[in-house]
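A, B, ... follow the sequence lines: proteins, then strands. Residue 1 opens every chain.
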Amino acid sequence: MSFSTLFVIILVGIAVAYVLGRSRSLTIAGRLGGIKSLHSLPFYYGTQAALWCAIPCLILLALWAAFDDSIIRQIILQHLSPEQQNLSAQELSLLLNTVESIASGVSSIQASPEVMAIADRVISLRQLSQTILAVTIICALVLLAAWGWVKVKPEYRARNGVERVFMLFLLTCSTLAIFTTVGIVFSVLFESIRFFGMIPITEFLFGTHWSPQLAIRSDQVGSSGAFGAIPLFTGTMLISLIAMIIAVPTGLMTAIYLSEYANNKVRAIVKPLLEILAGIPTVVYGFFAALTVAPMIKNALHGLELPLISFAIGPLEVSGESALAAGLVMGVMIIPFVSSLSDDVINAVPQSLRDGSYGLGSTQSETVKKVILPAALPGIVGAILLAVSRAIGETMIVVMAVGTAARLTMNPLESVTTVTVQMTTLLIGDHEFDSAKTLAAFALGLVLFVITLGLNFFALRIVKKYREQYD
Amino acid sequence: MNDDVLDVADVRAMNEVVQQPVVAKNKITDISEITETVGIPFADNAKMSMRNVDVFYGEKQAIFDVNLDIGVNEVIAMIGPSGCGKSTFLRCLNRMNDTIDICKVTGELNLEGQNIYDPKLDVVPLRARVGMVFQKPNPFPKSIYDNVAYGPRIHGLATRRADMDEIVETSLRRAGLWEEVKDRLHQPGTGLSGGQQQRLCIARTIAVSPEVILMDEPCSALDPIATARIEELIDELSENFTIAIVTHSMQQAARVSHRTAYFHLGKLVEVNETEKVFTNPDHDLTESYITGRFG
Amino acid sequence: MNDDVLDVADVRAMNEVVQQPVVAKNKITDISEITETVGIPFADNAKMSMRNVDVFYGEKQAIFDVNLDIGVNEVIAMIGPSGCGKSTFLRCLNRMNDTIDICKVTGELNLEGQNIYDPKLDVVPLRARVGMVFQKPNPFPKSIYDNVAYGPRIHGLATRRADMDEIVETSLRRAGLWEEVKDRLHQPGTGLSGGQQQRLCIARTIAVSPEVILMDEPCSALDPIATARIEELIDELSENFTIAIVTHSMQQAARVSHRTAYFHLGKLVEVNETEKVFTNPDHDLTESYITGRFG
Amino acid sequence: MDKLNIDQHISQQYNAVLDDLKTEFLEMGGVVEQQIIDAVQAITKLDDELAQKVLTVEKEVDEREMALDDLCVQIIARRQPTASDLRLVMSISKATRDLERMGDEAKKIAKMAILINETGDLPAGFSELRNLGRRVQQLVNDTLTAFARYDVNTALQVAREDKAIDKEYDTAMRELITYMMEDPRNISRSMNITWALRALERIGDHASNIAEHIIYLVKGLDVRHSSASEMQEKVQQDS
Amino acid sequence: MDKLNIDQHISQQYNAVLDDLKTEFLEMGGVVEQQIIDAVQAITKLDDELAQKVLTVEKEVDEREMALDDLCVQIIARRQPTASDLRLVMSISKATRDLERMGDEAKKIAKMAILINETGDLPAGFSELRNLGRRVQQLVNDTLTAFARYDVNTALQVAREDKAIDKEYDTAMRELITYMMEDPRNISRSMNITWALRALERIGDHASNIAEHIIYLVKGLDVRHSSASEMQEKVQQDS
Amino acid sequence: MTDRTDDNKLNTIDLVNKNLAKRFRAEKRFQAYGIASICFGLFCLVFLFTDIISKGTRGFFYHYMPMEINLDADTLGITDTSDTDQILAANYTAVVKKAVYEEFQASGRKQKKDARKLIAIDATGYKIQGLMKTNAESLINTTITIDVLVDDKVDFYLKRIGNYGEPGKEYFNEQQLAWIEQLMDKESGGLEKKLNVAFFTSGDSAQSEEAGILSAFMGSLYLLLVTFCLSFPIGIAAAVYLEEYAPKNKWTDLIEININNLAAVPSIIFGLLGLAIFLSFFGFPRSTPLVGGLVLTLMTLPTIIISSRAAIKAVPPSIREAAYGIGASKMQVTIHHVIPLAMPGMLTGTIIGLAQALGESAPLLMIGMAAFIPDVPGGITDPATVLPMQIFQWFRNADAGFSEKASAAIMILIMFLIMMNALAVWARKRLERRW
Ligand SMILES: Nc1ncnc2c1ncn2[C@@H]1O[C@H](COP(=O)(O)OP(=O)(O)OP(=O)(O)O)[C@@H](O)[C@H]1O
Ligand SMILES: Nc1ncnc2c1ncn2[C@@H]1O[C@H](COP(=O)(O)OP(=O)(O)OP(=O)(O)O)[C@@H](O)[C@H]1O
Ligand SMILES: [Mg+2]
Ligand SMILES: [Mg+2]
Ligand SMILES: O=P([O-])([O-])[O-]
């Protein structure tokens, strides 16, 4: 019997246990004069019985599924002929793969009789395993259902038991977030440590030259490339800065206008429209930035002689992958992010403050500027910090619209590169997993994580503090 | 035994027959019969005078033909069942109703003879003259000083720092808060207790030297001790300001006001000296309301 | 002229000297001096009896050594200044405080001789015996019928539909709501007016036939008319239930209760017949509180 | 919607308590009235037993007075009455005192009856006593009825009638003094009659006081210390 | 924090109103006391002018009574007093009545003074009148002081003293009757003295009533209709 | 004092009036900024949409040309029509080429080569193979007329004829241009622009004219399925635990801070997580919706938990108290009251989270879902790609034809998203309750 069949059998068993437990409790209740004489409602007795069945059986099934193959493999390995046991690790795994494919009937290749014998053995072992499992589970189901049935007594605290299980389930789910964070840290930490074993951390953090491409040829003597991450961070900062310059004033003013000035009709139309901007996938923005905005900027600005600037540096030079394009588009993407977060905090400012201000005879803009914004300021700052962290971590727009040349510049018309772009370029495609080049991506990831973590931590603290003010 | 003597049975029987309240003056069962306000709705030295005021929320009329004067330095209380239009009427007096789109006010509302609903009139200076204190204390999340200074600042009432300091101090003193806060003027106003906050709001209102102060259930969010303080304050303020107060608590109206106006379903039923209203009101409805025959 | 005669000046002078309240019984200025409850905290036919109850919120003690009996079918009112621990004490009586993590209760609290803080005791049946009505009417967003039927359902009090119908009808009748809602039992309970909602909540509570009903400021969110209805209802319910009610309104305590308990800073200062408390309380603090000398 | 019944308090209990108050008051009035009748009968018929009964009933009246006063205080403390309810409570609180005083006076009459009985003689003044007794008794009855019915007109009539009774008392007094002067040995016993007459007059005064309270109760007008015609005027002005 | 002053109402106004009430009451007491002194002086010295003054003051007393009653009703309607405050208001509302009655009795004495003056003769009983007058006057003074000081002991003393005064009155009465019997021509005038004595006795009674109100006010005990010793007992039990 | 006040009053009103004009000007300016901001936002939206629509609509269409093709058994190299192997392995391009030469009357190597470049030979070959598979018997040695796809460059050029500079023209020489002209002029049987059905029904392809979005679409669908099945129950359970059960201590604070932080961790970091944990550590198969779903589950969980918590918080505590007050147990309170009442908010949060997941690409980049996957995945463990990745792939492809396919795919993706948002709105409307 396959796992899925067994699974269905277990489900049926659980259902039966539930029905049995419930009906028995009802019978008992009938004898004793109503459900009131039971400790718990019949539903709980049923559920308790079902849980008795479900938990052990499902655990058994899961364990079996997890270790089934490796145990069989161990058994096979022990029964290999001596010469087979002397094979190199690679050859052995090749052999085992062949056996596997024969046993599962994927390939009909004719192999050597020994191999065929092993395959046969695997098949018979598997059948045996399945049978044992099936028998165990069915027995367990019957026994546990009976146990659950016997357990139904008027004074038995079924509800309390069920509730404890329920709570454990909830607890497990909530700890997942911690495991995720731990997972993130672990998944970047070890690789990063290895990376810093190859490249000194100071060079990585304070070096101003980034050219990991040099390291492609691992046979090249003494070539570890240049891993100074400063240009990446300045690039990231430049683009984020441009994005924030676009997004913050626009988003903020939009939020203010919508929540304070606009009448209901306008708000009902404009707000969801702007929220569409937030829902558009970043890959679309990237596409837009690379194919529409970047050429447009280039066409518009390239060779332009601005009165003051060109005096110093001559006609403008605009790169086809300018930071400006990516920053602009990122800014547009972040507008709704800023505006809806600010909108929330502005709306959270109690109406009574507005009334108070109007009641003193202030105009609407005075109320906004002198009462509402100061009141909402911590929240708005928090919102902006969250937006910044979003901009820093943004990947697809920059991957699509920004070059890979790491240049240490603050000129928005030049092409720069960002942390996330480098991470993707370093990891995409199949390189050796151990090369400094690949590991550098993890190190970048670690630094990015730490930076955004810091920002978020800061932002969340501010937002939280602000929320408490009116609670 | 004399048959004429009132014995217990007699008394019971008589009571059965006379199951009626003490008074049955102008008995009203149909609200539409109320056409005119009884008592003394007018004043000789009117600060504000309202004539034939109707207020509509969209199609729905909330105030019907109200005529009322508010005298100089008078405390007038407005009472009545929930939804009778007290707040609506009060908010007409400094056009706070303008913030509600569907609200329409007709009739004549004069502040010292000037029609406040004159389309040419600007609400900003009007609200500086007719201040408002709200149900829930709503200090701005600024320092105590800035809270009080806010009004004078936006209206440009003080140019020099010293002037502003003086306005702030005077206002806080008048609101009976100075002693309690003078050492922490630059701490946030939201850190005060509820009653202190409400007094701060009053200080903020009087800082722009209004002539009239409107209060909409100013104590309903406060505990009894703070309420008593505010009531005390209202009494003191009435020396310099004209005050109109809406309250759900008849006792409060009884305590603080000079005259009491009773609203019922949007109509102004009775206005009288407070003593009179609470011991011997003129109108049957007022009587029934204040004796708890309906809410 | 005889010099002995009290003239106006004399009177004034005398009043200056005798600037004191009428009574000065056991004058207390330091709360720590209060050690024992004055009046009659105990009852012969106690439904619930509390002995040496202390309640802590973390480090902070909110209730100090309270001893109190609640008699069968008695209405006991708990009054006192804000934050004195009325709600805290009330919520001990059916262990609603369990929902607050930091809250710790010590002492003996008995319901008909059974210690309700016995660790082996299950709160679920306890709360079915000691029901609670809250400050704000809080009907479930379900139909009126389901609101009332919820309790009986989770406690398995009725198996057949007809039984349940009967429980629902009886409870609504007792709560004085049946006539008003019988035609719309399947409309949402949230569609009722505030007062009706509160009565629905009372019906919901009595549907599980509790023995004791706890009410924490049940009328503070209601208008006067609804309040009066609920007070009326409390009176009727006291025929069958034991009721403990916390209220901020002394008048309400005066109106509805048989005995009144006065709390002060976590201590039970006085328990007495309500008449006595409101005309001639035994303790100075009670006197000062009810006469409005502090809030 | 909650329906509006303007005649009844929202609180039925409050209604019941106010009704109780009024009933108790009228009951006490009934007891006092009976006391007066008994006392007059006792003195005119020299019925010692009846007189004793009046004396014992006096205790009940006293208790009733205290109970009523207590109830008034209770109502004020528990219900915070206003307007007409407050006037009802205050009137009753004051009128109770008058009823009690009437009872006292009846007791006095009864005592006189016993005294006269002891000395055994029948001095003059009995017919006056009987006449005045009848009028006063009627007056008290009218007063109570006026109270029960909140009847201002009857109350005004009571006030007027009291003035008439005062006149009659004066006449009787003068006659009695003449009689005393004629036969000084009887002075002591005649003095008893005098006191009884005086007691009847006081009862009339108290009835008139109650009438004033009725007017206050119904009209909210304080008509004390005004003559009957002034009262009439004030009342008419008001309505 | 708002500081707690247990002696004062949170509302200063309420305090002020209650103070006002008490002051007004004591002022009225002062007026009545003066009236009594004047009346006694008028009748013992046969001072017509003084007697006239008493009569005119009576109007003021009446007005004061009505004003005080009005104030009591106002306070109940506007402040909802409870406990001691309520007892204060109720006591004053009742005691005012007693004061007014005292004034009335003083007026009666003054009237008698005028009557006696008219007839010109000085019948017997003046010394008794003077004695009783002095005692009653002192009693009234004590009563008012006890009220002003919320002094239960003095109040109890007043109650006891009243009983003594009653005794003295009885003696005086008996003497007067003897005197009348001796000289029947004087009956009419002696009757006037009788009424005056009686009035003084009544004043004492009213003072004793006020003393009872003081005990109610301070102790919350209704000690009416009990003897002085019973009162004492009750009061001692309470504290 | 009172005198001073009176002075003040006069002063006040005068002062107030004096400053009025200035204050109203400031008011007007401020409003103008607000309107400008909104206009900018709306302009961006409109610009973005017009840009994408104008580029994308072309991607849905393609130019076809009806052509007569002679299925000559010899040229095909088929000897036995019942032999499937023969049918499959037949030389279909040869017949197509022959037909093409005939169509353009091309002769000579050069001309033939030019002619071949105008038609999608391979695609046509597959098409004929498809026909032959079912109907070899009857079709062999006949001449059929089918719509053949033109070459993607031709298509590109045709779509832009008349545009400024006629982009694409540079791909062709004189001869080819003449032929194209000739085809366009033809009365009937010439070029025809038709809806590109293959775009919807086929997977990715190296040839832009054959590339379709079906595999990516199915990949997205599987991915969403996995994400939904995991994140919805787990998210709700976690939210319920944190709001209803968790005691307030360091441990729960830690969980809370963690969740809030995870919500703002850059998505690419989740990619690293998936790469290190699921692929390297657990050894799950690469490029599968299963792994993608797991990664996106971790990524969307914070969103769902946060919005669910907000929804649970919005359930008035009074409801809980009410239930506790009549003796409901914690689980009963949660299941009977809290979850049903919070459901609209939870669902909205979930759908928004899923919409995010649908548009997400950076983490998938890390776990190898950027691979070239022409086959439509049959389950969650088959290698697959998703719509945003497909767009990214096509965008990076130098071939001009892919760019407009990418635009078309974007339109599909956005439509998908809008539908999901509409679903959220609908669900909220449907489940919302009044209190
Ligand atoms: N913004 C509004 N839109 C529509 N109707 C309104 C609005 N505000 C108030 N109303 C209606 O106008 C009437 C009067 O309302 P108002 O708030 O003035 O009553 P109120 O006497 O202040 O009641 P409360 O004592 O409850 O504050 C009510 O019937 C109410 O429903
Ligand atoms: N959950 C809690 N955590 C900590 N302290 C609390 C909590 N609830 C109440 N307290 C404190 O316990 C004391 C008593 O509070 P409680 O709510 O019982 O007062 P109360 O008499 O009901 O006041 P109110 O009349 O304002 O309802 C107060 O000092 C309060 O600050
Ligand atoms: Mg209002
Ligand atoms: Mg509380
Ligand atoms: O008590 P009186 O003196 O009024 O009879």
Colleague: Do other residues, nucleotides or ligands put more than 12 heavy atoms under 6.0 Å from C:E166 CD?
Modeller: no
Colleague: Please report the shortest heavy-atom distance between F:A322 and C:N138, naming the atom on each side.
Modeller: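 Here F:A322 and C:N138 meet closest at CB-ND2, 3.2 Å.
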Colleague: What part of C:P139 is in contact with chain F, defined as an atom under 4.5 angstrom from a non-hydrogen atom: side chain, backbone, both or neither?
Modeller: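 Just the backbone, heavy atoms under 4.5 Å.
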Colleague: List the steps and the verdict of salt bridge (Lys or Arg N to Asp or Glu O under 4.0 Å) for F:E321 and C:R91.
Modeller: CA-CA 11 Å; F:E321 284 202 318; C:R91 293 165 70 96; 2.9 Å; yes
Colleague: Write down the atom of C:V124, the atom of F:G327, and the distance for their closest heavy-atom approach.
Modeller: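 Looking at all heavy atoms of both residues, the closest pair is CG1-O, 3.1 Å.
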Colleague: Closest heavy-atom contact between C:I154 and F:I326?
Modeller: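 That would be CD1-O, 4.3 Å.
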Colleague: Against chain F, label C:V133 side chain, backbone, both or neither, depending on which of its atoms sit under 4.5 Å from a heavy atom there.
Modeller: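 For C:V133, neither part sits under 4.5 Å from chain F.
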Colleague: With a 3.5 Å cut-off and sequence neighbours excluded, list the donor-acceptor pairs that the side chains of residues 349-362 of chain F form with protein atoms.
Modeller:
unit_1	atom_1	unit_2	atom_2	d
F:T350	OG1	F:M346	O	2.6
F:E360	OE2	F:S267	OG	3.2

Colleague: Go through C:M132, C:R129, C:R204, C:R95 and name the one with the most non-hydrogen pairs under 4.5 angstrom from chain F.
Modeller: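 With the most close heavy-atom pairs to chain F, the winner is C:R204.
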Colleague: Would you call F:I319 and C:P141 a side-chain contact if the rule is heavy atoms closer than 4.5 Å?
Modeller: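 The answer is yes, as the side chains (C-beta and beyond) meet within the 4.5 Å cut-off.
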Colleague: Taking all atoms of both residues into account, what is the closest heavy-atom pair of F:A323 and C:Y150, and its distance?
Modeller: CB-CE2, 4.4 Å
Colleague: Count the heavy atoms belonging to other residues, nucleotides or ligands that lie under 6.0 Å from NZ of C:K136, then report whether that count exceeds 12.
Modeller: no
Colleague: Centre-to-centre under 6.0 Å for F:H336 and C:F140, is that the case here?
Modeller: no
Colleague: Can you tell me how far the CZ atom of C:R127 sits from the OH atom of F:Y324, to the nearest 0.5 Å?
Modeller: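 C:R127 CZ to F:Y324 OH: 7.5 Å, rounded to 0.5 Å.
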